[in-house]
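Residue numbering restarts at 1 for every chain, and letters A, B, ... go by the order of the sequence lines. Bear in mind the structure is a predicted one, so any value in this text is a computation, not a measurement.
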Number of protein chains: 2
Amino acid sequence: MVKYNERALDATFHALADPTRRAILARLSLGQVSVGELAKPFEMSLPAVSKHLKVLEGAQLITRHRDGRVSRMEFNPDAMMGAVDWITHYKKFWESQLDKLARFLEDTKPTGEDNNGKNTKG
Amino acid sequence: MVKYNERALDATFHALADPTRRAILARLSLGQVSVGELAKPFEMSLPAVSKHLKVLEGAQLITRHRDGRVSRMEFNPDAMMGAVDWITHYKKFWESQLDKLARFLEDTKPTGEDNNGKNTKG
DNA sequence: ATTATATTTAACCAAATGGTTAAATATAAT
DNA sequence: ATTATATTTAACCATTTGGTTAAATATAAT
């Protein structure tokens, strides 16, 4: 009855447990950026950001597209799904909040209009 | 733009990033248990479990009900909602999976029917 | 009052984390 | 070929983490 990939959950939750890394994901969710561009707004060295990227990459929350000497980082939210999936197991314990979430999801469900022509994957 | 409580997210994700702590939550989701009972199945010392409980308590994922010398730990999933809320911000990046989740949530939405013990996932 | 039970705290340790600066690598431009 | 740019690796450091055992605390039972 091993339902979840514990190592993957470790990696995902650990990656998400740092504010810099969450900010990186937020930034990348707006579109691909180079490491240098990505690092600019952060008040830390480039190697520090590089390390964070490695953690995110290890958790498969981002992927790398090398283009010459520039590494363009891309958001890859699949691993987040795993986290949500795990948390959702506890849905019956927060039914009222769930109701709110369900309504929210229903509200924004892709019925053919919500997709802004963006490729959602690959 | 929605402002998230970064410190709370740090605490929540960090708490969830450990397999022992996730197992503790899984156990507590079945009902309140004392610290001793809780610790039994884990191959580690009681103080180690105690520390994990502190982390979970700090993240407000569990609460403590002291009854004499026995501490009954209770699952408190509200903080998880915060994590889901944050992740859900990225919903547009995984629409197909979102659709699956939305259907799942709809399917098990508490509309008066009791879906006790039925795990529709997996 | 003494003893047993439940749990936490203290002191300690190794490994991991998150940061630094300096050097190395790889590619691009001149 | 030389130099500039983008990024990573190496070496280092302080703090945190996750575990240990021994001692302390608090309550219950005899």
Atom CD1 of B/Ile24 and atom C1' of C/dT7: how far apart are they, to the nearest Å? 14 Å
Any pair with a residue in residues 38-47 of chain B that passes salt bridge (charged side-chain N to carboxylate O under 4.0 Å, His left out), sequence neighbours left out, goes on the list, sorted by first then second residue, please. B/Glu37-B/Lys40
Rounded to whole Å, the CD-P distance (A/Glu57 to D/dT7) equals 13 Å
Residue set satisfying side chain to side chain contact (heavy atoms under 4.5 Å, CB included) with A/Ala59, at least two apart, ordered chain then number -> A/Ala11, A/Ala15, A/Leu61
Distance, nearest 0.5 Å, that separates CG of A/Leu53 from CE of A/Met73: 5.0 Å
Is any side-chain N or O of B/Lys54 closer than 4.0 Å to OP1 or OP2 of C/dT9? yes
Between C/dT17 (P) and A/Phe13 (CZ): distance, integer Å: 17 Å
Using a 4.0 Å cut-off on protein heavy atoms (strictly under), produce a 5'-to-3' string for nucleotides 13-20 of chain D with B for base contact, S for backbone-only sugar-phosphate contact, and - for none. ----SSBB
Taking B/Gln60's backbone N and O only, do any of them form a donor-acceptor pair with B/Asn76's side chain (distance below 3.5 Å, no angle check)? yes
For A/Arg66 and D/dT7, what is the distance between atoms CZ and C1' respectively, to the nearest whole Å? 6 Å
The criterion is salt bridge (charged side-chain N to carboxylate O under 4.0 Å, His left out); which residues satisfy it with B/Arg22, sequence neighbours excluded? A/Glu6, A/Asp10
In this structure, how many angstroms lie between the C1' atom of C/dT7 and the CG atom of B/Asp67, rounded? 14 Å
Is there a side-chain polar atom (N or O) of B/Ser71 under 4.0 Å from OP1 or OP2 of C/dT7? no
Suppose the criterion is salt bridge (charged side-chain N to carboxylate O under 4.0 Å, His left out): which pairs have a residue in residues 56-67 of chain B, not counting sequence neighbours? B/Glu57-B/Arg64, B/Asp67-B/Arg72
For A/Lys54, give me all partners under salt bridge (charged side-chain N to carboxylate O under 4.0 Å, His left out), at least two apart in sequence or on another chain. none
Kindly state each residue pair satisfying ring pair (Phe, Tyr, Trp, His ring centres under 6.0 Å) with at least one member in residues 7-50 of chain B, sequence neighbours excluded. B/Phe13-B/Trp86
Using both pair distances under 3.5 Å as the test, note the stems of at least 3 consecutive Watson-Crick or G-U pairs that include DNA chain C. C:1-30 with D:1-30
Value in whole Å for how far the C1' atom of D/dT8 lies from CE of A/Met73: 12 Å
Is any side-chain N or O of B/Arg64 closer than 4.0 Å to OP1 or OP2 of C/dA6? no
Kindly give the atom pairs (protein nitrogen or oxygen, nucleotide nitrogen or oxygen) under 3.5 Å for nucleotides 24-26 of chain C.
none

Using the test salt bridge (charged side-chain N to carboxylate O under 4.0 Å, His left out), find all partners of A/Arg69 that sit at least two apart in sequence or belong to another chain. none
Please list all pairs passing the ring pair (Phe, Tyr, Trp, His ring centres under 6.0 Å) test where one or both residues lie in residues 18-38 of chain B, with sequence neighbours left out. none
Report the residues that fulfil side chain to side chain contact (heavy atoms under 4.5 Å, CB included) with A/Ser50, sequence neighbours left out, ordered by chain and then residue number. none
